Q: 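Have a look at the structure that comes next, please.
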2 protein chains.
Amino acid sequence: MSHVVKKRKLDKTRQERLYFDSYTDVTIHEEMIADHVRTNTYRTAILRNSESIRGKVVLDVGAGTGVLSVFCVQAGARKVYAVEACSIAEQAVRIVQQNNMADRIEVIRGTVETVELPEKVEVIVSEWMGYALLHESMLNSVLYARDKWLKPGGVILPSKAELYVAPIGDPVVEERLNFWYTVKDQYGVDMSCMSDFARRCLMNTDITVSSVTVEDVLSHPARFAELDLYSVTAEQLRSVRGEFRCESFGSAAVNAFCVFFTVTFPCPDPPHALLLSTSPFKPETHWKQAVLYLDAPVDVVQDTAVRGEISMFPSEESARHICIHVDYAVGEHKRQSKTFSIPDWSGEAQS
Amino acid sequence: MSHVVKKRKLDKTRQERLYFDSYTDVTIHEEMIADHVRTNTYRTAILRNSESIRGKVVLDVGAGTGVLSVFCVQAGARKVYAVEACSIAEQAVRIVQQNNMADRIEVIRGTVETVELPEKVEVIVSEWMGYALLHESMLNSVLYARDKWLKPGGVILPSKAELYVAPIGDPVVEERLNFWYTVKDQYGVDMSCMSDFARRCLMNTDITVSSVTVEDVLSHPARFAELDLYSVTAEQLRSVRGEFRCESFGSAAVNAFCVFFTVTFPCPDPPHALLLSTSPFKPETHWKQAVLYLDAPVDVVQDTAVRGEISMFPSEESARHICIHVDYAVGEHKRQSKTFSIPDWSGEAQS
């Protein structure tokens, strides 16, 4: 008996306020800090790039609690500007003091689009990735900061992002669809006709954020887009698209596509890149995976080709909300397409 | 990185629309049907009351999928009017047909406040209970139906509701507050100063719906209010209040109060009442318990008295949202008070 608030059109100021308000709760910061894959990869990447950071000026875009700024000082940064728009900035100030870095880190409350820095910077660090990489579109702010504040030849951490897709099965959804056939045995009421309604509700157009189990991934993931943070433009982010082709490992029912991302840090020493991956084949992160349900399950056999094109673009209702359009064909079935979006109420339920 | 929609004032039409929209998803109906305690207790209660139902006319208030209406026909009802305002009524129509009860159950789409029935009824059945019993205030609709459509001497199932409170500990919150002291060991950044911010966020004024573990209940629960569905008025529901007094089992830290309810069905054969309980000492239901956090933990020892007064009333922003005011004293500590409400975004997170 819970109350779900549905999608609606919000005016821009209200959108901004809701967006920044959503980061005033401790839960989201706890979740991010406690995400060892995220925090440790950033920590390692920053410390391994100390060559580029030592004695330099750094801008941390969307600094949150300031943890990345602290890592940068530990890597030898002369000065870090930690820009944060929401009230968590007050906590960042306290954390900087508690770590005796008030002379090195300046927390600046405001959006990176509006704040004035006293100088240009040699390094930009940011943890800007949202669900399905682009949800909340904080990357736009990083690009804005790059164009306005980064010196020529400066470093961006991370420097590259890649998007992947794979067809998946979903035993939980299958069990939930089957549930309605079990009601008669349990209570003597035939509710099997609900299964069709359940399918329409569960295999809907929402982008569902959930942890995909390795066993449910039905093919090798295919990369469909890559963003070079040194060159990509805000204009290009208005439509991130690419083709994909996967071949099924074996016989299964495809229920959905799973979209995930990696970001890459340069790593001069040892000289190979450091990857932060949200793949279902890697340890879980708080980003989990983005799951896009087909309208109905489609059967595949070994080597059945699943191919198509994905495009990601900001929602018309709210520029920070991502939409994903998938145009696809499974084997010899006819081409289909479906557009997905993040539901407005994708808040955390207390549990 | 999730987006939380904050509380706001909504106009009445919008509130109604959001409320009824929230029942168009299959998840909530699946959760209710799959709640064996709920569905089996209603089924048993209806079948055991077949004496009162056989050959009679029944009104099912907020029928949902119509499962209670089907039980009533199984108990011998001559006619059931299944009144349901939201579009799940379309599924109820299909379920009624699938169970060959179209001649006995008439699904009527509309609110009980506005629909016209062709006749008065001898029995009202309804599963109207929300979180903390009164959230969503569907009981008002049952009382309206009672006063308008129930014949004198008619039966209401269930016929009584009782509210209970107990002080509880919460090891999850304690662990989450402690988390910030562990960050230094994990990442070399001292974040212990976040613990205070975390406490303010976690021990806030939200009514948290969660499953309380038996071991965390620190005293026998105390009953603080009782509603007789035959006599209670809508006016009385505008403020449901009562005093309580609990004595601590042993030494512990009180983090919160836990509020839960029972409803009672008359049961002529065998002649004792049938209880649907959402107590943490009983098997879990989808209502779980309502948890109200203190501002900070308070230590108690064996037999420390925890006493006070609770009042529940509709929120000013939205009449369907419940507020709970607790005025309490723990042992010799001075009297305190705190008002809680259900957050607007208490939707289900997909997981």
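Side chains are part of it too, since the values below use all heavy atoms of this structure and drop only hydrogens, waters and symmetry mates. Throughout, a chain's letter reflects where its sequence line sits, starting with A, and its residues are numbered from 1. All values reported here derive from a predicted model rather than from experimental measurement.
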Q: How long is the span from the CG atom in A:L202 to the CG atom in B:D25, to the nearest 0.5 Å?
A: 7.0 Å
Q: How many angstroms lie between atom SG of B:C201 and atom CD of A:Q91, to the nearest 0.5 angstrom?
A: 8.0 Å
Q: Is it the backbone or the side chain of A:V67 that comes under 4.5 Å from a heavy atom of chain B, or both, or neither?
A: both
Q: Mind telling me whether A:Y187 and B:F71 have parallel, tilted or perpendicular rings, with 30° and 60° as the class edges?
A: perpendicular
Q: By a 4.5 Å heavy-atom criterion (distance strictly below it), what part of A:Q74 contacts chain B: side chain, backbone, both, or neither?
A: side chain
Q: With side-chain contact (heavy atoms from CB on, under 4.5 Å) as the test, would you mind laying out the steps for A:M101 and B:V189 before giving the verdict?
A: CA-CA 11 Å; A:M101 292 179 179; B:V189 181; over 6 Å; no
Q: Heavy-atom cut-off 4.5 Å, strictly under: side chain, backbone, both or neither for A:D35 against chain B?
A: backbone
Q: For A:V70, is it the side chain, the backbone, both, or neither that has a heavy atom closer than 4.5 Å to a heavy atom of chain B?
A: side chain
Q: The criterion is ring pair (Phe, Tyr, Trp, His ring centres under 6.0 Å); which residues satisfy it with A:F340, sequence neighbours excluded?
A: none
Q: Has the side chain of A:Q186 got a donor or acceptor atom that lies under 3.5 Å from a matching backbone atom of B:N40?
A: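 Flag not set: sc A:Q186 to bb B:N40 has no pair under 3.5 Å.
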Q: Between A:R176 and B:T27, does a side-chain contact (heavy atoms from CB on, under 4.5 Å) hold up when you go through it step by step?
A: CA-CA 9 Å; A:R176 291 185 61 185; B:T27 303; 3.0 Å; yes
Q: Under 4.5 Å from any heavy atom of chain B, what part of A:R43 do you find: side chain, backbone, both or neither?
A: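 Contact with chain B is through the side chain of A:R43 alone.
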Q: Sub-3.5 Å donor-acceptor pair from the side chain of A:Q98 to the main-chain atoms of B:M191, do we have one?
A: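 Here the side-chain-to-backbone pair does not exist.
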Q: Between the side chain of B:N99 and the main-chain N/O of A:D190, is any donor-acceptor distance below 3.5 Å?
A: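 Yes; at least one donor-acceptor contact below 3.5 Å.
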Q: Heavy-atom distances under 4.5 Å only: say whether A:S192 touches chain B with side chain, backbone, both or neither.
A: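 Both parts, heavy atoms under 4.5 Å.
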Q: To the nearest 0.5 Å, what is the distance between CD on B:E30 and CZ on A:F197?
A: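 Here the interatomic distance stands at 11.0 Å.
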Q: Side chain, backbone, both or neither: which part of B:V183 has an atom under 4.5 Å from a heavy atom of chain A?
A: side chain
